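Atoms considered below: every heavy atom in the structure, side chains included; atoms not considered: hydrogens, waters and symmetry mates. Since the structure is predicted, the reported quantities are computational estimates derived from the model, not experimental observations. Within every chain, numbering begins at 1; the chains are lettered A, B, ... in the order of the sequence lines, protein sequences first and strands thereafter.
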There are 2 protein chains.
Amino acid sequence: MQVSCFDCTLRACGVFKPITRNELGAVNDIKREHVVLPAGAEIIRAGDEAPEIYTLYSGWAFRFKNLPDGRRQILNFLMPGDLLGLQAAMFDAAQHGIEALTEVQLCLLPRRKVWALFGEMPGLAFDVAWLGAREEGHVDENLTSAGRRSATERVAALIVMLYKRAKILGLVDGDSFAFPLTQQHVADALGLSLVHTNKTLARLRRMGMFSRANGSITVTDPHVLARIGQYFDEEIPMRPLI
Amino acid sequence: MQVSCFDCTLRACGVFKPITRNELGAVNDIKREHVVLPAGAEIIRAGDEAPEIYTLYSGWAFRFKNLPDGRRQILNFLMPGDLLGLQAAMFDAAQHGIEALTEVQLCLLPRRKVWALFGEMPGLAFDVAWLGAREEGHVDENLTSAGRRSATERVAALIVMLYKRAKILGLVDGDSFAFPLTQQHVADALGLSLVHTNKTLARLRRMGMFSRANGSITVTDPHVLARIGQYFDEEIPMRPLI
DNA sequence: CGAAACGTTGATATCCTTCAACATGAGTGG
DNA sequence: CCACTCATGTTGAAGGATATCAACGTTTCG
């Protein structure tokens with residue numbers, strides 16, 4: 001199990017922008033525990049007061065909102081290197097839930113200490129804000145899907161988006177990567193019914209856009225899928241530009 | 001025209017959390033220009049490189065994305081006290097546009113100086129991150145509308161949301177406030193067609209939920225409208241909790 | 001083996017979109 | 001002052017995309 005931030009394999013693979021040894025030490029100092037939770041675990045519950053902040057070290061999770069009658073909207077997916085609970089920690093109560101999609105390893109960063117870090121390590125404060133802005137960008141894209149893309153476009157755009165993120169993290173092998181979402185997750189992320197999601201996935205599969213086997217997905221041609229999904233992002237660079 | 005941050009009428013009306021005289025001085029030092037733009041002006045264009053950051057001093061604006069074929073999704077509305085262009089300034093190019101909904105007054109905060117401020121005034125760095133998190137919360141809510149609410153619920157939720165924000169800003173008189181959106185804006189924010197938006201608005205109006213006159217909207221009963229819209233927020237406090 | 005979660009498929013219903021036409025009001029130039 | 005245009009709002013009819021309902025298949029796992 002991961003212990004010291006100095007040995008962090010995430011950092012080694014270039015997920016984070018380089019930071020100074022001082023900054024890394026400061027992060028290492030405030031990191032409290034290394035938590036492991038199983039798939040399906042609730043990491044943050046809507047309404048939680050004073051939730052903590054975590055770095056997702058391994059595994060996938062998702063952020064979501066529920067309407068009073070139980071309808072669920074997934075807001076965005078979280079992958080290694082993402083910060084969990086930042087928005088929630090800023091307010092007096094979490095406005096959303098976060099649930100683990102796979103087994104996850106989390107690095108606990110007590111909120112008070114993160115705020116304290118703002119004063120001591122301004123570079124890290126910037127990085128925290130940057131991670132928040134990147135997450136907002138993902139939500140923006142998902143809102144554009146739910147609001148203005150057809151079912152086929154939504155599914156295609158979602159798969160490409162996840163593919164690109166997985167690729168950056170080095171999780172893509174050939175053109176395959178582990179895909180832990182059920183069709184219900186896809187439906188709740190895209191604002192579609194389960195049945196229609198199933199039929200849309202089947203259509204794209206029959207078109208040869210992707211294939212699935214033992215929990216993995218293989219994307220035949222990311223560019224074609226991006227065109228179908230009307231999805232064109234400008235590669236967000238890892239290193240914030242100051 | 002507004003000149004000094006020390007005289008800022010926004011600050012006087014309690015929109016911002018109190019900051020120290022030092023912090024205020026620092027903000028005042030980096031503030032460059034006071035810009036006035038007419039309704040419809042593009043404040044930030046998607047693809048802009050190195051856009052600046054602004055505080056919206058007066059007026060309304062909105063943030064949006066376009067698909068290649070022109071379909072438009074409005075991501076969130078911006079009201080006085082909001083920070084414009086923060087997300088865009090963090091990356092190498094803006095992933096969205098920002099357009100003025102009414103005539104707007106903007107306070108220009110050069111991005112480089114804002115980043116410099118992170119080092120000198122950690123309290124302000126926190127506030128910037130907090131404003132970003134609040135905006136993300138608005139996008140979350142809009143995504144939940146587009147993905148999981150019916151047309152009637154979406155319209156109701158949008159009106160209540162804007163009502164509550166306007167109320168906090170002191171823009172609500174009785175239960176009326178200036179409402180500069182066209183039905184096309186409402187449609188693009190909610191992911192509905194213009195025609196269906198019109199009919200849904202008409203239905204809610206006939207139900208007596210609200211009325212309109214010379215650019216203003218009057219909400220009959222915010223609580224009823226919130227119930228129709230399945231919209232229940234916990235009042236986000238002005239002052240961040242550290 | 002049985003149960004539970006997940007996936008698939010067809011039939012039917014409905015919400016929302018699209019198309020088309022017209023109404024209203026503001027601004028503009030003759 | 002009128003004619004004109006353009007943006008915006010309104011309404012009805014028809015079509016289509018997506019939801020809902022129902023049933024069954026498949027996989028996983030205790």
Side-chain angles (χ1 to χ4, degrees), chain A residues 38-41 67 69-74 99-103 145-156 158-159 178-207 210-217 228-230, chain B residues 38-41 67 69-74 99-103 145-156 158-159 179-207 210-217 228 230:
Chain A
L67 292 184
D69 63 4
R71 278 172 283 177
R72 179 175 75 169
Q73 177 64 44
I74 291 182
E99 188 177 313
L101 257 179
T102 65
E103 178 180 286
S145 279
R148 285 299 182 222
R149 282 192 253 248
S150 72
T152 304
E153 290 167 344
R154 291 182 216 189
V155 171
L158 176 66
I159 294 176
F179 191 84
L181 317 204
T182 66
Q183 296 189 348
Q184 185 67 63
H185 291 122
V186 175
D188 287 347
L190 300 181
L192 295 171
S193 73
L194 177 58
V195 173
H196 197 61
T197 299
N198 176 291
K199 289 172 179 171
T200 307
L201 281 166
R203 202 175 323 123
L204 282 169
R205 208 181 312 120
R206 268 186 250 110
M207 287 168 61
F210 69 91
S211 60
R212 298 210 52 186
N214 13 316
S216 277
I217 190 171
I228 292 178
Q230 304 270 319
Chain B
L67 293 184
D69 63 3
R71 280 173 281 178
R72 180 174 74 170
Q73 177 64 45
I74 291 181
E99 187 177 314
L101 210 42
T102 64
E103 177 180 286
S145 279
R148 286 299 181 222
R149 282 192 253 247
S150 72
T152 304
E153 289 167 345
R154 291 182 215 189
V155 171
L158 176 65
I159 293 175
F179 192 85
L181 316 204
T182 65
Q183 296 189 348
Q184 185 66 63
H185 291 122
V186 175
D188 286 346
L190 300 181
L192 296 171
S193 71
L194 178 58
V195 173
H196 197 60
T197 299
N198 177 291
K199 289 172 179 172
T200 306
L201 280 166
R203 202 174 323 121
L204 282 169
R205 207 182 312 121
R206 270 186 248 109
M207 286 168 61
F210 68 91
S211 59
R212 298 210 52 186
N214 15 318
S216 277
I217 191 172
I228 291 178
Q230 304 271 318

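- In terms of phosphate contacts, A:Asn198 brings no side-chain nitrogen or oxygen within less than 4.0 Å of OP1 or OP2 of C:dG7.
- Note: CG (B:Asp188) to C1' (D:dT8) measures 14 Å, nearest angstrom.
- In this structure, of D:dT18, C:dC16, D:dG9, it is C:dC16 that holds the atom nearest to the side chain of B:His196.
- Side-chain proximity of A:Ser193 to C:dC16, D:dT18, D:dT20: nearest is D:dT20.
- Residue A:Val195 has its side chain nearest to D:dT20 when only C:dC6, D:dT20, D:dG12 are considered.
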Applying side chain to side chain contact (heavy atoms under 4.5 Å, CB included) to B:Arg71 and A:Gln230, what does each step give before you reach the verdict? CA-CA 11 Å; B:Arg71 280 173 281 178; A:Gln230 304 270 319; 3.9 Å; yes

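- Rounded to whole angstrom, the span from the CG atom of B:Leu201 across to the P atom of D:dT11 amounts to 12 Å.
- As a whole-Å value, the separation of B:Arg203 CZ from C:dC16 C1' is 11 Å.
- A donor and an acceptor atom sit less than 3.5 Å apart, one in the side chain of A:Lys199 and one in the base of C:dG10.
- When side chains are defined from C-beta on, A:Arg154 does not count as touching A:Thr200, because their heavy atoms never get closer than 4.5 Å.
- Comparing D:dT8, C:dC16, D:dT18 by their nearest atom to the side chain of B:Ser150 picks out C:dC16.
- For the pair A:Val155 and A:Leu204, the minimum side-chain heavy-atom distance is below 4.5 Å.
- B:Gln184 places none of its side-chain heavy atoms less than 4.5 Å from the side chain of B:Thr197.
- Looking at heavy-atom distances under 4.0 Å, A:Gly215 makes no contact with the nucleic acid at all.
- Using a 4.5 Å heavy-atom cutoff, the side chains of A:Arg149 and B:Gln73 are not in contact.
- Toward the 5′ end of DNA chain C lies the nearest nucleotide of A:Thr182, the other residue of the pair A:Thr182 and A:Arg148 mapping further downstream.
- Following rounding to the nearest Å, A:Leu194 (CG) and C:dT8 (P) show an atom-to-atom distance of 10 Å.
- Here A:Leu192 lies in heavy-atom contact (under 4.0 Å) with sugar-phosphate atoms only.
- Between the C1' atom of C:dC16 and the CD atom of B:Glu153 lies a distance of 14 Å, rounded to the nearest Å.
- For the pair A:Arg154 CZ and D:dA17 C1', the interatomic distance rounds to 10 Å; values are reported in whole Å.
- Between A:Gln183 and the phosphate of C:dT8, there is a side-chain N or O to OP1/OP2 separation shorter than 4.0 Å.
- Residue-level contact check: A:Gly40 touches neither bases nor backbone, having no heavy atom under 4.0 Å from any strand.
- Between the CG atom of B:Asp69 and the P atom of C:dT18 there is a distance of 11 Å, rounded to whole Å.
- A:Gln184 places its CD atom 20 Å from the P atom of D:dT27, with the value rounded to the nearest Å.
- Note on B:Arg205: only backbone sugar-phosphate atoms sit closer than 4.0 angstrom, heavy atoms only; bases stay farther off.
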